[in-house]
Visitor: 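Starting off with a structure, shown below.
Start at 1 and go down the list; that is how both ligands and their atoms are numbered.
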Amino acid sequence: MAISPKIVISDLKAPVNGTLVVITDEDLEFGTASKAALKPSGDLFQRVAKIEKFKGKRSKVLDLAAPSGLKLEHVLVAGVGKAKDMKAEDWLKLGGTIMGRLPAAARNVTVLAELPGGKLAAGDAAQVALGMKLRAYKFDRYKTKKKPEDDEKPHAVEVKFGVEDVAGTKKAWAHASGVGDGIILARELVNEPPNVLFPAEFARRASELKKLGVQIEVLDEPAMKKLGMNALLAVGQGSERDSRLVVMRWNGAKKKSETPVAIVGKGVCFDTGGISIKPAASMEDMKGDMAGAACVTGLMHALAARKAEANVIGVIGIVENMPDGNSYRPGDILKSYSGQTIEVINTDAEGRLVLCDALAYTNERFKPKLIIDLATLTGAILVALGQEYAGMFSNDDKLAERLTEAGKVTGEHVWRMPLGPVYDKMIDSKFADMKNTGGRFAGSITAAQFLQRYVGKTPWAHLDIAGTGMAAHNTEIGDSWGPGWGVRLLNEFIAAHYEK
Ligand code: BES
Ligand code: MN
Ligand code: ZN
């Protein structure tokens, strides 16, 4: 579990044994050190490339096993196509692809991270290393029987990462590996089963960020009751496990009094639907209904680990939604922290109830520059956008644009969806200020309209990550069920706009 290779940044010295990874382009050229390392094998690479029709295309890898003339076990030649077209995300994917192609039992691995035409920028090199780290992650804590081939897998390998700019890359890697640890933390939280990761345990794990200098406050049920967070508390009411709200603060800005950015996450450790119970099929997936909170926690880890020069508040509402004799019911009317009342139509529309109190509290207490929330909020967003884009809803064009841009840089894409008075009307209630569902149509939008009623005029963006935050498919950077989605997106967003 959480195996990550030890990445050691060093100079461009090639190994004499083990596995060597070199980079080539569509002209099948190499950097100086790589060329020198391959020289004793003569035209072996060119001949194999021809036979295998290897053209050095992006993310294609050619494996030269037991290359004649060299004592090496393997030379992996990784293609980048046109090097100048490679963006940060492409370098990340390249690293992941390389990790995935490391031969079984590879122990002594060296990557010569250099380019045919010149040097590889430190930031890009660090992305390659990050891709390797993320691809190596496995969640197998609960498997008690090792398979015979497990010993053969490239686990816990030490990777020597040769670069021209050693000092620059070391610095870039110190940052990128911190982000990697944040992503891996988010993945762990999403992957953990709901009997292990219940609200108090989630809060305990978030509290461990204290070690990195994050200030932590945990509100328990009596504290939330006193504050009037009755919407959040209603969701947890039917559960044996008590709810929590965790406030995480990273004060890294040069100006300590700088107004913070706030990130809020939905943390439903398990969503049965409550009295409006869900069908049995795939209900086990609802252990991932805390992916928003996991992202916030992973992001706070990342920011602290790389000592981000920004003031950021992370707030997570953590509950379990269960049916019980004490559960909240359809028909109940709740008075939320903001004072607005909510008629419960469906106890399975619980995420917005958790978030409305977390959002209103965050907004009132911290008066942040802006609020971004992340939530596995609606099945409808999966219908609309699948697992490729998160749905984004915002009351602020600049914020929406910046998030879209950060999505393009990181490959964690967001797609803006509409908000408006006509949709807002759909959640008006006969008996209270609003109801918690808006009917069959536009389910993701009416959910967002609900949240908008709790953020006032503060610039706000809501990311519906029901599609992107869990049950991920395999990619270059890993096959984790919980992908840790959003950590890179928000890390990039903060780095690009709030650390200047
Ligand atoms: N956690 C679910 C949304 C969800 C569905 C997340 C699939 C991930 C994958 C949420 O709490 C929920 O149940 N939403 C309902 C809302 C409805 C009752 C208005 C939904 O989407 O069906
Ligand atoms: Mn639900
Ligand atoms: Zn839910």
Visitor: Can you tell me the protein heavy atom closest to atom 16 (C) of ligand 1 and the distance?
Guide: R352 NH2, 3.9 Å

Visitor: For Q340, is there any backbone N or O sitting under 3.5 Å from a side-chain donor or acceptor partner on D433?
Guide: no

Visitor: So which of the N, O or S atoms of D289 lies nearest the Zn ion (ligand 3)?
Guide: OD2

Visitor: When you measure from the heavy atoms of R440 to every atom of ligand 1, does any distance fall below 4.0 Å?
Guide: no

Visitor: Using a distance threshold of 2.8 Å, state whether an N, O or S atom of K266 lies below it from the Zn ion (ligand 3).
Guide: yes

Visitor: In the protein, what heavy atom is nearest to atom 10 (C) of ligand 1, and what distance, to one decimal place, separates them?
Guide: L377 O, 3.3 Å

Visitor: Can you confirm whether or not the ring centre of Y498 sits under 6.0 Å from the ring centre of F493?
Guide: yes

Visitor: Check whether more than 12 heavy atoms from other residues, nucleotides or ligands sit under 6.0 Å from atom NZ of K60, and answer yes or no.
Guide: no

Visitor: With a cut-off of 2.8 Å, does E350 place any N/O/S atom under that distance from the Zn ion (ligand 3)?
Guide: yes

Visitor: Output the atom name for the N/O/S atom of D271 with the smallest distance to the Mn ion (ligand 2).
Guide: OD2

Visitor: Within the structure, does at least one protein heavy atom fall under 4.0 Å of atom 22 (O) of ligand 1?
Guide: no

Visitor: Identify, by name, the N, O or S atom of E350 lying closest to the Mn ion (ligand 2).
Guide: OE1

Visitor: I'd like to know if the side chain of D289 reaches the main chain of C269, judged simply by a donor and an acceptor atom lying under 3.5 Å from each other, with no hydrogens or angles considered.
Guide: no

Visitor: Just do the salt bridge (Lys or Arg N to Asp or Glu O under 4.0 Å) check on R58 and D90 with the steps written out, would you?
Guide: CA-CA 8 Å; R58 186 185 294 184; D90 302 315; 3.2 Å; yes

Visitor: Of the options K430, K425, M426, which is the one that meets D428 in a side-chain contact (heavy atoms from CB on, under 4.5 Å)?
Guide: K425

Visitor: Do ligand 1 and T437 have nitrogen or oxygen atoms that lie under 3.5 Å from each other?
Guide: no

Visitor: If I consider every N, O or S atom in D271, which one ends up closest to the Zn ion (ligand 3)? I only need its name.
Guide: OD2

Visitor: Decide, yes or no, whether a salt bridge links E89 with K408 under the criterion of side-chain N to carboxylate O below 4.0 Å.
Guide: no

Visitor: Under 6.0 Å from the NZ atom of K211, do we count more than 12 heavy atoms belonging to anything else shown?
Guide: no

Visitor: Tell me, which protein residue and heavy-atom name are nearest atom 20 (C) of ligand 1, and how many Å apart are they?
Guide: G379 N, 3.9 Å

Visitor: Measure the distance from atom 17 (C) of ligand 1 to every protein heavy atom, then report the residue, atom name and distance (to 0.1 Å) of the closest one.
Guide: A349 CB, 4.4 Å

Visitor: Report, in ascending order of atom number, the atoms of ligand 1 lying under 4.0 Å from any heavy atom of A466.
Guide: 6 (C), 8 (C)

Visitor: Among all protein heavy atoms, pick out the one at the shortest distance from atom 2 (C) of ligand 1; state its residue, atom name and that distance to 0.1 Å.
Guide: D271 OD2, 3.6 Å

Visitor: Of E350, M290, M286, K278, which has the heavy atom at the shortest distance from atom 9 (C) of ligand 1?
Guide: M286

Visitor: Of all the non-hydrogen atoms in the protein, which one sits nearest to atom 18 (C) of ligand 1, and at what distance?
Guide: N346 ND2, 3.5 Å

Visitor: Taking NZ, NE, NH1 and NH2 as the nitrogens, is one of them in R329 or D332 under 4.0 Å from a carboxylate oxygen of the other?
Guide: yes

Visitor: Please work out which of the three classes, parallel, tilted or perpendicular, describes the rings of Y361 and F366, given edges at 30° and 60°.
Guide: perpendicular

Visitor: Pick, from I465, D289, I345, N321, the option with the minimum heavy-atom distance to atom 1 (N) of ligand 1.
Guide: D289

Visitor: Please check: side-chain N/O of T347 versus main-chain N/O of S276, any donor-acceptor pairing under 3.5 Å?
Guide: yes

Visitor: Nearest to atom 12 (C) of ligand 1, what protein heavy atom do you find, and at what distance?
Guide: D348 O, 3.2 Å

Visitor: At a 4.0 Å threshold, what atoms of ligand 1 neighbour a non-hydrogen atom of K266?
Guide: 1 (N), 10 (C), 11 (O)

Visitor: Examine all N, O or S atoms of D289, backbone included, and report whether one is under 2.8 Å from the Mn ion (ligand 2).
Guide: no

Visitor: Examine ligand 1 and decide if any of its atoms is less than 4.0 Å from a heavy atom belonging to T446.
Guide: no

Visitor: Centre of W250's six-membered ring, under 6.0 Å away, within 45 degrees of the axis: is that where NZ or CZ of K307 sits?
Guide: no

Visitor: May I ask you to decide whether R244 forms a salt bridge with E217, counting only side-chain N to carboxylate O separations under 4.0 Å?
Guide: no

